[in-house]
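First the structure, in the form of structure tokens, and then the observations on it.
The analysis underlying the following values was restricted to heavy atoms, covering all of them including side chains, and did not include hydrogens, waters or symmetry mates. It should be emphasised that the depicted structure is a prediction, and the values quoted were computed from it without experimental measurement. Order of the sequence lines fixes the chain letters, A, B, ..., with proteins taken first and strands second; residue numbering starts at 1 for each chain.
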Amino acid sequence: MQLADKYSPENLEQKWYDFWIENNLFHSEPDEREPYTIVIPPPNVTGMLHMGHMLNNTLQDVLVRRARMQGKNACWVPGTDHASIATEAKVVAKLKAEGIDKSTLTREEFLAHAWEWKEKHGGIILQQLRKLGASCDWERTCFTMDEARTAGVIKVFVDLFRKGRIYRGVRMVNWDPSALTALSDEEVIYKESQGKLYYLRYMIEGSDKYIVVATTRPETILGDTALCVNPNDERYKWLPEDARVIVPLVGRSIPIIRDEYVDLEFGTGALKVTPAHDVNDYMLGEKYGLESIDIFNDNGTINDKVGLYVGVERFECRRIIEGDLTAAGLMERVEPYTNNVGYSERTGVAIEPKLSMQWFLSMEELAKPATKAVLEDIIKFVPAKYKNTYRHWMENIKDWCISRQLWWGQRIPAYYLPKGGYVVAETAEEALALAREKDASLTMADLRQDEDVLDTWFSSWLWPISVFDGLRYPDNDEIKYYYPTNDLITGPDIIFFWVARMIMAGYEYRNEKPFGNVYFTGIVRDKLGRKMSKQLGNSPDPLDLIAKYGADGMRVAMLMSTSAGNDVMFDEGLCEQGRNFCNKIWNAYRLVNMWSVDETLPQSDACREAIEWFDEVMTERIARIDDEMRQYRISDAFMELYRLFWDDFSGWYLEIIKPAYQAPADAKTIARTKYYFDQLLRLLHPFMPFVTEEIWQDLKPEKSCISIVVAQQPKSERKANEQILARFAVAQEVVSSIRNIRKQKNIAQKESITLNYIADDNYPLEYEAVIAKMGNISSITATTEKDATAAAFMVKTTQYFVPMEGKIDKEAELEKLHADLEYLEGFLASVMKKLSNERFVSSAPEKVVANERAKQADAEAKIAAIKEQIKALA
RNA sequence: GGGAGCAUAGCUCAGCUGGUUCAGAGCAUCUGCCUUACAAGCAGAGGGUCAGGGGUUCGAAUCCCUUUGCUCCCACCA
């Protein structure tokens, strides 16, 4: 077969992906084999593939493909997340662009638009994953809002409600005035923001004195219902016990309360209390029975409760009120101020703390087994440092606000009764039955279902169970077989949103961990260390990169730059390196493929030696790669393979066995070489699926096996022979020294040379044939004579001479020898210093001391040899 | 404010149980090669006070303390 001299992934990747799908190689059904399961972190249904997905899914695919090749029943379940708030925002924006306002639509009409949007844009991301080579079981594709998943969610809600874990109540929540919904604490991002600190005058009722209060939010004075000072504050001791102040502009009279909550150091030591719009003020309000005045509409404009600034947007109001306060002489001063402001994770607008009626899930009990599982390594975190983060959050866990004032999502299965009260049930029929227990006259028309939907994460947290329909059918064969899953690959940014909650759900609904290991990836950054973002425009389109460098090249780029938990500094150069590696593999195959085989040709010594050595290399590296993979040191494992293929196999092994131009190779060597190639391809396949399949199919090492996808990984079943490896390393060093001499003396590789050496019993010269081949040496001879006219070098304690026929520069040679001598004497001195230290010899382990003695002997031998060489030259 | 982590070659990082894998890899750089698999290649070279200081130890990149600089998470005093 004629192969192009450049590897071109374009057509071939699609060809093999189709081949894998046609042959159903990624599909899994429960059987007698050991299962290996990964559930994908479901991307947003309308999302687009970005670099983070590439990293995450490359890693998952490596693990899944490897497990599959280790004889496990590998199952990677793909799917998407309905992403309640993000998707709804997109649909609202799209409708707006078409001139349709969401508020003019009924719930049903809106949902029809949303589903239409989902059908059109949904799942594109899953198509994109195929380009990467992801070996997902596509038949199992799930959606967090499909029928089975929704049924599971509703069942869980009802169950938790009946267990008393879900409750409804008015609480201070994070309100998103843009999405018009409550958010959980985790969906609020705090950022430092430049603002102002306003010092306002609150006139004391019936007096011309006033108290100055510092606030960052002057517009909230509309909702002030008290002023608070610290009881220990000397500055306010003069205030009468029952003093009251007048809220500026508003004119409302409010009490002064005294509480140690107020920080004496901050501002003026006086705090305005707005129970409806600040979490801490809310607690003060509860404590002192203060009135709570909600001054905002849901969209963040001022409502008509107070009668001022009605309909004005909150930030606009702040600007206006600053002027009005100043005009009224109630503004003491304004200072620039930096403070932390919470923003909505999804819409980016400033969060408004707001009192509202929401559904909550009580977390304390759920957290207990989940905390234990991670702390005791029943679930292993990689890297382990995230255990601390997890523990801290779990031990201070707060109740989860699970209701959202949205339409896109699972509607809360609570039904309100006409005369107050409500029932919770999986279906309207069951709800009616329950309602009738309270009032037999009720009909379906009397029930009004809660308008809210559930937080997206309330479906995602069930994902490892729900993808196997283990909530509706807890005893089904699939869940029993695939659960718990093995590895979860995700980012640390969703450790609370998702990971922790899945663990809680796992214990609550399966009484078992949802996964055995969690591998946390880092964030993909650009090479300057900046987070990739649309705004910065520093995020390359992964599909463009795949088109340019091939999926394998892209995967290599991700693999080379990632270690668990560390951010990835992405550089397009890495893709290039990945592509080059594909090309290297490709060309190595071209080489092996082009040799003709002569069945009668005996195996040369060089070939025999190379095979003896490479057997040990493979044995050793396979063990090392296994070990690294076991520790999830995926990047290191890959790098090990990269060097094995490039340096050891291509750079040494193939060069040694390579026949002269157009000369045939012996059958034995070729067979072994193809065997190595097969083994290497299998090792590489999980990392680089396409190029390995392309070559493997041509190599056809195993006729009965349809694809490398389902071929088995090589195993390391014995210990590598260290002696062979060490002795070959000596030979390599000899070759390398010869290359140096060639370079120094300007002797071309084509020009053959001779080599003499002084035999050394400690290090007998081995792999002579390899040295001869690689060094292009016509004869290697043992002598006892030093050769002053030769270029000399030393490996271990053996001296080598390359005869130069007088081309030697004596002075330069001597200079070099003296430099070596000086170095060795210094080295020996440091060794001797250690060995003459009584305490070192007595307290260091025997092995270490013995090693120092060996170093001493070596150095002494070398020094003696160099001194003789100097004598011979002089 | 609380917690975690990081600092090793120009860049990205290994270095796991203190001691021959101890100062390493890949990339980049420089030099020489268009050598019949691959210039997307080959061969070679340079480059580091292991952030600073102190301690423990026979011995420290590695353990402890400290200073400095950076990152992340949590909390959210208006």
Distance-only polar pair, side chains of A/R590 and A/N587, donor-acceptor under 3.5 Å: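 Per modelled atom types, A/R590 and A/N587 side chains form a pair under 3.5 Å.
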Cut-off 3.5 Å, side chains only: do A/D698 and A/Y589 have a donor facing an acceptor? yes
Listing time: all N or O pairs from protein to nucleotides 24-26 of chain B that are below 3.5 Å?
| from | atom 1 | to | atom 2 | distance (Å) |
| --- | --- | --- | --- | --- |
| B/A25 | O2' | A/R643 | NH1 | 3.2 |
| B/G26 | O2' | A/Q577 | NE2 | 2.8 |

Short heteroatom pairs, N/O only, protein and nucleotides 2-8 of chain B, under 3.5 Å:
none

When we call it a touch if two heavy atoms are under 4.0 Å apart, what does [X] touch: a base, just sugar-phosphate, or nothing?
| X | answer |
| --- | --- |
| A/F520 | nothing |
| A/V213 | nothing |
| A/K272 | nothing |
| A/D493 | nothing |
| A/Y337 | sugar-phosphate |
| A/K855 | base |

Could you tell me how the ring of A/F520 sits relative to the ring of A/F381: parallel (under 30°), tilted (30 to 60°) or perpendicular (over 60°)?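 The arrangement is perpendicular - the two ring planes meet at more than 60°.
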How long is the line joining [atom1] of [X] and [atom2] of [N], in whole Å?
| X | N | atom1 | atom2 | value |
| --- | --- | --- | --- | --- |
| A/K847 | B/G19 | NZ | P | 11 Å |
| A/N566 | B/C13 | CG | C1' | 8 Å |
| A/M283 | B/A78 | CE | P | 13 Å |
| A/R525 | B/U12 | CZ | P | 12 Å |
| A/E219 | B/A78 | CD | C1' | 12 Å |
| A/K658 | B/G41 | NZ | P | 15 Å |
| A/I189 | B/C74 | CD1 | C1' | 13 Å |

Along RNA chain B (nearest heavy atom to each residue), the more 5'-positioned of A/R579 and A/W393: A/R579
Start at the 5' end of RNA chain B and walk down; is the nucleotide closest to A/D5 or to A/D263 reached first? A/D5
[Y] six-ring centre to [X] NZ/CZ under 6.0 Å and within 45° of normal:
| X | Y | answer |
| --- | --- | --- |
| A/R579 | A/Y549 | no |
| A/R739 | A/W652 | yes |
| A/K191 | A/Y343 | yes |

Given the C1' atoms of B/U31 and B/G52, what is the spacing between them in whole Å?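 Comparing C1' positions in B/U31 and B/G52 gives a spacing of 37 Å.
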Measuring only the C1' atom in each nucleotide, how far is B/G19 from B/G59? A whole number of Å is fine.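 Nearest-Å result for B/G19 against B/G59 at atom C1': 7 Å.
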Between A/D377 and A/K387, is there a side-chain N and carboxylate O pair less than 4.0 Å apart?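 A salt bridge is present here (some side-chain N lies under 4.0 Å from a carboxylate O).
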Are A/K833 and A/E852 within salt-bridge range, i.e. N to O under 4.0 Å? no
Closest approach to the side chain of [X], judged atom by atom: which nucleotide of [options] is it?
| X | options | result |
| --- | --- | --- |
| A/K750 | B/U35, B/C76, B/A78 | B/U35 |
| A/D636 | B/U36, B/C38, B/A14 | B/A14 |
| A/K398 | B/C76, B/A78, B/C38 | B/C76 |

Could you identify which residues of residues 829-845 of chain A place a heavy atom less than 4.0 Å from some atom of RNA chain B, listed by residue number, or say none?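 The answer is A/N837, A/R839, A/F840, A/S843, A/A844, A/P845.
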Determine, for nucleotides 42-51 of chain B in 5'-to-3' order, which nucleotides have protein heavy atoms under 4.0 Å from the base (write B), from only the sugar-phosphate (write S), or from neither (write -). SBSS------
Those residues at least two apart in sequence (or on a different chain) that pass side-chain hydrogen bond (donor to acceptor under 3.5 Å, both in side chains) with A/W400 are A/D455
Can you find a donor-acceptor pair, distance only, under 3.5 Å between A/N340 side chain and B/C76 base? yes
Candidate list A/F687, A/Y676, A/F677, test ring-ring contact (aromatic ring centres under 6.0 Å, His included), partner A/F645, passing option: A/F677
Read 5' to 3' with Watson-Crick or G-U pairs under 3.5 Å, [ ] for crossing pairs and | for partners on another strand, RNA chain B gives (((((((..((((.....[....)))).(((((.......))))).....(((((..]....))))))))))))....
Do A/Y386 and A/Y390 have their ring centres less than 6.0 Å from each other?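 Between A/Y386 and A/Y390, the centre distance exceeds or equals 6.0 Å.
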